[in-house]
Each structure stands twice: as C-alpha cells, then as structure tokens.
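Nothing here was measured: the structure is a model prediction, and the numbers come from that model.
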Amino acid sequence: MKNADIKNLSAGDIQAQLTEAKAQYSKLKLAHAISPIENPIQIKDLRRTIARLNTELTNKQ
C-alpha cells in the first residue's frame, strides 16, 4: 500500500488495515520458518506497510 493511499484513509480504516496486515505478517513469518516461501521480499514489504500505517495512525490522532 502506498503512502498516498494510506493518507486518504480514516483512522478507523487505518486501524482495520493495520490489524489485517499484522495477521498476514505473522502468517508469512510462520510459513517462512517452516519452509522458505517463494518470495521472501513480501515479508519486508509487509513490515514496511505496517510501519507506514502506524505512522499515519499516530499523525491522525
């Protein structure tokens, strides 16, 4: 998700996206620990998306 998309979301939407992204991140980490996933860069991208969402949520509050 890009910064421009995140800035247009409301605080409630950001919170929902954040919980969804965190759940997906934990699933990817577990899957990667069991057997290497096809594209491990997804983990890094998801971690950065979570950071962007947290930053924007803090700015909105």
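- Distance CG/Leu53 to OG1/Thr19: 9.5 Å, rounded to 0.5 Å.
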Contacts table for residues 54-61: side-chain donor-acceptor under 3.5 angstrom, sequence neighbours left out:
| unit_1 | atom_1 | unit_2 | atom_2 | d |
| --- | --- | --- | --- | --- |
| Asn54 | ND2 | Ile50 | O | 3.4 |
| Thr55 | OG1 | Ala51 | O | 2.9 |
| Thr58 | OG1 | Asn54 | O | 2.9 |
| Asn59 | ND2 | Thr55 | O | 3.4 |
| Lys60 | NZ | Lys7 | O | 3.2 |
| Lys60 | NZ | Leu9 | O | 3.0 |

Just list the side-chain donor-acceptor pairs under 3.5 Å for residues 29-48, sequence neighbours left out, or say none.
| unit_1 | atom_1 | unit_2 | atom_2 | d |
| --- | --- | --- | --- | --- |
| His32 | ND1 | Ile37 | N | 3.3 |
| Asn39 | OD1 | Ile41 | N | 3.4 |

